[in-house]
Amino acid sequence: MKIVVDNKIPYIRETLSRITEDVVYLPGNEITAESVKDADALITRTRTKCNRQLLKGSKVKFIGTATIGFDHIDTEYCKDAGITWKNCPGCNAGAVEQYVHAVLSLLKKEKGMIPEKTCIGIVGVGHVGSRIRELAERMHMRILLNDPPREDNGEKGFADLKTLTNECDIITFHTPLITVGKYKTLHLADKDFFDSLHKKPVIINTSRGEVVETGAILDALKGGKISDAVIDVWENEPNINLELLHKVYIGTPHIAGYSADGKLNATRMTLESLCKFFNINMKIKLDIENKNEDSSGTCTNDDILSKYNPKDDYSLLLSHPEDFEKIRGNYKLRKE
């Protein structure tokens, strides 16, 4: 069995060597139709577009993406071609929670945000959004939740987007990228969204870059319709808008979910899916190298910034925005 693998996926090589000797590691954006034509399986991240152009005529029957998101996979083509694909829902929810926790702590420390007097709106309440809700509860914030698919499924406790734009001091996005249909999230935060804001909230986006329209949020910052923005995911990565990069409060290179714990979870889930698909009887056991003694437990609001400060990542990106992909690809995975 031949497997082609994105070479930036950690904790995977030893286990794959026990499955097959025929493993090819390549940078995600250098995986081509030629390299996968005789592969049985493909293990990717978001930088590999798994579509007809890549897969037509290949032997690939299984795609595992070591990510939550799967908008880089043409799911309809895979269905028609008989290719099974699996993603890793929830794998990095703890890492994104840590990132947002650090952001909220910075807003408290540097911007005078008082959690008990702050209303936070969470758009998308899946694996990640649910963790953010629990974080906000611990910080005693007022919380509004927006998740139309769950609400339409009969679940209670949700508000419409208009209510969030009326009442929230912070709005944070945790949705998948959906380009068409009733639950479309492409440019969910567009000009109309920013024009409808009654307060001047902080906007946080750690979901998908295309959920927030670049021109619209840039105009909102310039026009004072929002007070600040924290952007981890960008349209047109890695060729991000440099004007927006310099306008935001914090801007990072798509690394909110990049913890050692989250990466290990994603690798484990991907390997388990691979083994299940190919009927390989193997117990997947992975360990984080150099695990810190103090890595367990929940950080308080006071010490989270000593564990992780996203402004460090912002400073690096500001200094070398042309190295967006390099910084992301070589990111030193933080502990949760």
Side-chain angles (χ1 to χ4, degrees), residues 2-13 16 23-37 39 41-56 58 60 62-75 77-78 83 85-89 91-92 95-96 99 128 175-179 186 205-212 214 231-241 245 251-260 262-267 269-271 273-274 313 316-317 320-333:
K2 180 177 180 179
I3 306 174
V4 174
V5 186
D6 185 309
N7 67 358
K8 295 300 183 183
I9 297 174
Y11 315 120
I12 198 169
R13 297 189 182 225
L16 283 183
V23 184
V24 176
Y25 294 93
L26 294 168
N29 57 5
E30 294 181 18
I31 294 175
T32 64
E34 179 66 24
S35 60
V36 305
K37 68 179 181 180
L42 177 59
I43 298 179
T44 73
R45 299 184 305 145
T46 57
R47 289 303 187 250
T48 304
K49 302 300 181 185
C50 301
N51 51 22
R52 178 187 297 270
Q53 183 178 353
L54 179 72
L55 300 165
K56 185 177 180 180
S58 75
V60 173
F62 175 84
I63 299 170
T65 180
T67 60
I68 291 178
F70 54 88
D71 45 277
H72 56 294
I73 299 175
D74 186 337
T75 57
Y77 174 77
C78 288
I83 300 172
W85 62 271
K86 294 291 182 180
N87 65 322
C88 301
C91 63
N92 65 353
V96 180
Y99 181 96
V128 177
T175 71
L177 178 62
I178 302 172
T179 58
L186 175 66
N205 188 18
T206 58
S207 59
R208 284 291 179 265
E210 294 80 5
V211 170
V212 176
T214 299
I231 305 295
D232 178 61
V233 289
W234 310 74
E235 290 195 280
N236 303 315
E237 292 179 15
N239 302 309
I240 65 174
N241 186 293
L245 176 65
T252 49
H254 201 153
I255 48 76
Y258 272 30
S259 70
K263 289 292 185 181
L264 184 139
N265 289 337
T267 298
M269 293 168 74
T270 302
L271 288 169
S273 296
L274 176 81
D313 291 327
L316 181 59
L317 184 58
H320 301 283
E322 73 282 1
D323 289 337
F324 185 101
E325 199 71 359
K326 181 179 178 181
I327 295 169
R328 184 176 186 239
N330 296 291
Y331 188 73
K332 184 178 179 180
L333 299 176

For F62 together with W85, are the ring centres under 6.0 Å from each other?
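They do not qualify: ring centres at least 6.0 Å apart.
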For G64, does its backbone N or O pair with a side-chain atom of T270 as donor and acceptor, under 3.5 Å?
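Absent.
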Heavy-atom distance under 4.5 Å between the side chains of I73 and I63, does that happen here?
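In contact.
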Return the OG to CG distance between S35 and L54, rounded to the nearest 0.5 Å.
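Those atoms lie 7.0 Å apart.
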L186 side chain near I178 side chain, heavy-atom distance below 4.5 Å:
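The answer is no, as the side chains (C-beta and beyond) never meet within the 4.5 Å cut-off.
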Spacing of I83 atom CD1 and T75 atom OG1 [to the nearest 0.5 Å]:
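The distance works out to 11.5 Å.
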Taking the side chain as every heavy atom from C-beta outward, state whether T44 and V4 have any atom pair closer than 4.5 Å.
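No, their side chains stay 4.5 Å or more apart.
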N7 side chain reached by L26 side chain, heavy atoms, under 4.5 Å:
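With C-beta onward as the side chain, the pair stays apart.
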Does the side chain of Y99 pick up a donor-acceptor pair with the side chain of S259 at under 3.5 Å?
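No donor-acceptor contact under 3.5 Å links the two side chains.
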Nearest 0.5 Å, please: how far is OH in Y258 from OG1 in T252?
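These two atoms lie 11.5 Å from each other.
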Check whether T267 reaches the backbone of K263 with its side chain - one donor and one acceptor, N or O, closer than 3.5 Å.
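Side chain of T267 to backbone of K263: a pair is present.
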Reference residue I255; test side-chain contact (heavy atoms from CB on, under 4.5 Å); the match among I327, D313, V233
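With I255 as partner, side-chain contact (heavy atoms from CB on, under 4.5 Å) holds for just one option, D313.
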What's the verdict on side-chain contact (heavy atoms from CB on, under 4.5 Å) for N265 and Y11, showing C-alpha distance, side-chain angles and the deciding distance?
CA-CA 10 Å; N265 289 337; Y11 315 120; over 6 Å; no
Determine, stepwise, if the pair I68 / C88 fulfils side-chain contact (heavy atoms from CB on, under 4.5 Å).
CA-CA 5 Å; I68 291 178; C88 301; 5.7 Å; no
Among side-chain atoms of H72 and T48, is any donor-acceptor pair under 3.5 angstrom?
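Their side chains do not contain a donor-acceptor pair, so the 3.5 Å distance test is not met.
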Is it true that a side-chain atom of E235 and a backbone atom of T214 form a donor plus acceptor pair closer than 3.5 Å?
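It does hold such a pair.
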Looking at SG of C50 and CD1 of I31, how far apart are the two atoms once the value is rounded to the nearest 0.5 Å?
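One finds 7.5 Å between SG of C50 and CD1 of I31.
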Step through the shown structure and confirm whether more than 12 heavy atoms of other residues, nucleotides or ligands are within 6.0 Å of NZ on K2.
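More than 12 heavy atoms, drawn from other residues, nucleotides or ligands, come within 6.0 Å of this atom.
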Could you check whether atom CD of Q53 has more than 12 heavy atoms from other residues, nucleotides or ligands sitting under 6.0 Å from it?
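Check fails, neighbour count at 12 or below.
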Start with the C-alpha distance between T179 and D71, add both sets of side-chain angles, then the distance that settles side-chain contact (heavy atoms from CB on, under 4.5 Å), and finish with yes or no.
CA-CA 9 Å; T179 58; D71 45 277; over 6 Å; no
Qualifying residues under side chain to side chain contact (heavy atoms under 4.5 Å, CB included), relative to D74, sequence neighbours excluded
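D74 satisfies side chain to side chain contact (heavy atoms under 4.5 Å, CB included) with N51, E76, Y77 only.
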Can you tell me how far the CG atom of L264 sits from the CD1 atom of I12, to the nearest 0.5 Å?
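Between atom CG of L264 and atom CD1 of I12 there are 11.0 Å.
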Does the D232 side chain pair with the main chain of H254, one donor and one acceptor, at a distance under 3.5 Å?
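Indeed, once roles are kept as given, a pair shorter than 3.5 Å links the two residues.
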Using modelled atom types and a 3.5 Å cut-off, is there a donor and acceptor pairing between side-chain atoms of S58 and backbone atoms of V60?
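Confirmed, S58 side chain pairs with V60 backbone.
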How close do M269 and P89 get, heavy atom to heavy atom, and via which atoms?
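Looking at all heavy atoms of both residues, the closest pair is CE-O, 3.5 Å.
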Can a cation-pi geometry be assigned to R13 and Y25, taking NZ or CZ under 6.0 Å from the six-membered ring centre and within 45° of the ring axis?
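Judged by the rule, R13 and Y25 form a cation-pi pair.
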Evaluate side chain to side chain donor-acceptor pair (under 3.5 Å) for N330 paired with K8, printing each intermediate quantity in order.
CA-CA 8 Å; N330 296 291; K8 295 300 183 183; 3.2 Å; yes
Taking the side chain as C-beta and beyond, is there a heavy-atom pair between W234 and L245 under 4.5 Å?
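A side-chain contact under 4.5 Å exists here.
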In sequence, state the C-alpha distance, the side-chain angles, and the governing distance for F324 and N239, and then conclude on side-chain contact (heavy atoms from CB on, under 4.5 Å).
CA-CA 8 Å; F324 185 101; N239 302 309; over 6 Å; no
Please confirm whether the backbone N or O of R208 pairs with a side-chain atom of N205, one donor and one acceptor, at under 3.5 Å?
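Yes: the side chain of N205 pairs with the backbone of R208.
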First locate atom CD1 of I231, then atom CG of L317, and finally report the distance between them rounded to the nearest 0.5 Å.
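Going from CD1 on I231 over to CG on L317, the span is 12.0 Å.
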Does D6 pair with R47 as a salt bridge, N-O distance under 4.0 Å?
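Salt bridge flag = no for R47 with D6.
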Does the side chain of V36 come within less than 4.5 Å of V24's, by heavy atoms?
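Contact flag for V24/V36 side chains = no.
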Check: E30 side chain, P27 main-chain N or O, donor-acceptor pair, under 3.5 Å
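Such a contact is absent between E30 side chain and P27 backbone.
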